[in-house]
**Q** 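This is the structure I have questions about; it appears just below.
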Amino acid sequence: MDPFEHELANGLRKAATTTNVRPGSLAKARTRARSLQMRRRRGSVAAGVLALSAVTIGVAVVVSDGDRGVVEVRGAADDSFTGQSESQDSAADTSTSTQVSAPAAQPRGGLAPSPFTWAPVAGGLPISNAAPVTRDLATGALYGIGTQPGSSPGAIDSVPMKSTDGVTWTPLGTVANTAYMRNLSVYDGALYSVGTAAITAPIKDAEDWGDIVTRTSTNGTDWSTDLLPGIDVRAIRKKYGAGFSQTFDVVSGPAGTLFAQQVASFFDPTRFDLGEVDATLGVETVDGGIVAYGAPCTDESAKYTDEGMCELPDGTIVESDPALFRTRQTMIPWAELGVTDEDIDVFTGRPRFFLSTSGGEFVEVQFPTTAGNYTESIKLAADAEGFAAVVKTRKTQPNGEPVAVDAQYFTSADGVAWTQGPDVPQISWLVDLERTAGVATALIGRADGSQDTVSLVDGQWRSTGLGDSLAGAVAAVQTDEEVAGVNSIVMGTSGVAANVMLAVDPYVAAEIRIEHQNYTLELRSESRWIVVDVSGAEIGSPMDRADSTAVRWGREGGVEVRDESGNVVDTFTDDEVQAASGDLFTEPTSRWLLMFSQDGGVTWSATEIDKLVGAPGAIQSMIVTDTGVVVKASVTPTSSGDPTDETIDTADASAPASTFVVFDGRLG
Amino acid sequence: VDATAAWDDAQAESIPIDAIGLDFTEFYAATRDQVVRALSLTLGDSDLAADATDEALARAYLKWAIVSRLDNPGGWVFRVGLNWARSSLRRRHRPARRLGDADSLDLPPVVEPALMAALAGLSVRHRSVVVCRYLLGYSDEETANALALRPGTVRSCLHRALKRLRADLGHLREENN
């Protein structure tokens with residue numbers, strides 16, 4: 001730095017440190033994130049359940065009268081309740097998950113009394129939330145992964161652990177220098193875990209940063225660690241500027257142990273020659289290449305300025321295209337970008353599969369080409385007949401528009417030769433896959449935010465109908481203002497547990513309307529403005545790309561309503577909008593429920609976490625055990641301990657941090 | 001909070017967002033005000049900067065498993081916040097406030113007014129490069145990564161911005177000398 005630069009830096013620091021910064025709040029950041037997530041999954045009536053054969057047993061519902069355990073829920077439990085409420089029917093009518101044929105006999109949504117007696121677990125749980133608990137079907141033992149600081153700064157050791165009741169966990173030794181150990185698989189006395197090695201991990205002679213697999217066949221006494229072949233994230237990062245390795249799943253069975261992962265990177269337009277193509281607003285990987293998004297200037301020769309204007313070649317400054325700021329899109333095929341097949345594999349996240357037989361080294365196996373232009377998730381299952389895999393991809397057309405792609409189902413007897421089966425339709429996200437005696441069952445998420453289970457029966461994937469059942473039970477508990485989302489579902493021998501969040505969408509709760517004589521501007525969920533006419537019919541939204549003629553952002557600000565000839569017939573001004581909306585973001589109120597079914601999803605109990613833990617709380621993880629469920633919850637402290645009291649801002653240094661509590665729920 | 005929770009942060013891609021714990025907390029505490037200040041100087045609007053930073057941090061929270069692995073997650077938050085703020089202004093058809101406007105940053109008299117006036121003369125892009133380079137202390141490469149620009153573009157922007165600033169702040173240089 002020369003003296004001027006030094007003074008400039010000093011001046012900037014002085015200006016920055018004396019700027020009046022509005023106080024931040026970690027709690028609000030988390031709430032805002034939760035709101036973002038909710039808006040992405042908005043409008044859904046919660047649905048989802050896991051209906052695997054192991055859980056579908058008609059266990060009698062027992063009402064516990066233990067003095068510390070029974071948790072009341074809003075909407076008192078009623079054995080005669082059938083879930084046929086008006087709101088529930090309405091939700092069912094709008095469901096988009098009914099095209100998969102469902103068994104007709106499944107009752108919908110009975111709400112049962114809580115069967116649990118709850119007891120706090122001293123000392124918490126030593127296992128990580130991120131690594132799912134794995135069950136050894138032969139012995140019933142549970143396995144999870146804990147972590148501890150490693151021997152060097154920044155290093156981490158993984159500690160695989162074993163439990164018989166989900167409460168008491170015994171370490172099985174330490175696997176040093178692992179960074180992201182997250183998947184476990186157990187079969188025939190051997191335990192496998194897979195994840196990513198720390199970049200400094202002294203694994204064999206390799207300096208690569210890649211996926212590792214560790215295994216023990218001595219119940220934790222001795223561990224061996226292998227680096228999977230051909231994966232070098234460090235090289236990927238160096239070549240493409242970014243890169244990551246993602247573990248999808250690992251399973252073990254009689255045919256061996258199968259591991260699915262991907263190494264991927266983002267397409268960085270600055271590292272490739274795009275010629276004259278404008279990529280001012282970024283690029284996206286699509287089917288067959290990339291789409292570059294250019295500046296929203298009507299005249300393609302114009303430059304998009306930092307102020308959001310368009311500068312013509314002669315220097316004239318004009319507004320960017322007001323028609324919804326539509327950007328220019330240019331599709332560039334891979335061939336014109338000069339990329340290699342290896343590059344394309346990285347940009348599309350080609351799935352890679354590795355197989356170990358008889359405890360030997362992992363070798364990569366060839367997997368059939370999958371649909372779509374980016375692999376999002378893979379779930380694996382193993383049974384006596386071999387392996388099964390569901391691959392979820394996404395596909396973006398060359399015009400930049402996404403197109404729905406059914407998840408693909410594959411089977412293999414030996415993990416080497418794969419056969420494609422019927423696609424699994426209507427999956428938005430993939431949660432889990434099981435296969436028992438050749439019958440595959442997948443837990444999936446739908447586009448409307450609900451979850452469901454589908455089984456492959458007679459060559460066709462069929463909904464088990466249990467998603468509707470959970471929706472019905474949740475509908476009986478939620479208020480009219482609340483929307484529900486299923487965060488996770490866990491199954492076990494004693495039943496099925498669902499982690500459900502109910503929240504009031506602040507944008508809906510605000511009920512913001514600006515009424516004019518002929519039109520009304522309403523703020524809907526997802527911060528979406530809608531213009532309706534006097535009959536309530538939707539005219540359009542300025543946020544819609546599809547229809548820019550009826551309603552759009554005005555050239556002078558505000559929202560304009562136009563007739564068929566393009567004449568402005570009404571305008572909602574910026575001042576009106578600002579006056580009506582004020583501070584748009586308000587904290588949503590939320591509460592978390594543990595839904596539990598002992599009868600395969602016919603009836604569900606609902607435990608409100610706030611009341612269980614005695615303060616505002618959220619479910620962190622659930623373990624379904626032979627005797628009930630173990631729940632780990634985070635607790636946000638309040639100023640008085642009263643759960644209805646205002647939450648303390650945890651960004652306040654004087655306030656206590658969130659804590660975690662664990663409760664053991666015993667059936668009966 | 002133990003090490004388990006800390007490492008859960010980095011593995012949180014498929015778990016409920018509330019399972020995220022210590023690492024993000026530390027990151028938030030270390031980053032939030034710094035980014036607000038940097039965006040305030042870039043945008044000339046401390047309220048918008050705070051909103052943008054909060055939005056970017058919420059997005060970072062949702063994607064913490066990925067963001068935490070970036071070389072410079074603070075730079076990511078700065079860029080996302082900057083993009084969000086500019087998009088927000090575009091949606092409202094409003095230009096960014098100019099530094100030095102009456103309703104812009106309310107700075108005490110210890111800050112040299114000429115500096116703010118000189119910064120106000122720069123484009124948002126040039127200002128963001130200057131802020132990353134001289135306030136946040138990023139290298140050219142780190143600035144390029146944070147702003148999704150080519151390093152050459154950063155150097156070019158910096159060259160032009162400094163040329164302008166040197167011209168506007170010549171009297172300060174003379175005083176210092």
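All chains are named by letter (A, B, ...) in the order of the sequence lines, taking the proteins before the strands, and each is independently numbered beginning at 1. The structure displayed is predicted, hence computed values, not measured ones.
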**Q** With a 4.5 angstrom heavy-atom cut-off, is it the side chain or the backbone of Ala29(B) that approaches chain A, or both, or neither?
**A** neither

**Q** Looking at residues at least two apart in the chain, or sitting in another chain, which of them share a salt bridge (charged side-chain N to carboxylate O under 4.0 Å, His left out) with Asp33(B)?
**A** none

**Q** Output all residues satisfying salt bridge (charged side-chain N to carboxylate O under 4.0 Å, His left out) with Arg37(B), sequence neighbours left out; order by chain, then residue number.
**A** none

**Q** CG of Leu135(B) to CG of Leu8(A): how many Å apart, nearest 0.5 Å?
**A** 9.5 Å

**Q** Let's test your reading of the structure: which of Leu162(B), Thr53(B), Val131(B) forms the most heavy-atom pairs below 4.5 Å with chain A?
**A** Leu162(B)

**Q** Where is the tightest heavy-atom contact between Leu12(A) and Leu41(B), given as atom of each residue plus distance?
**A** O-CD1, 3.7 Å

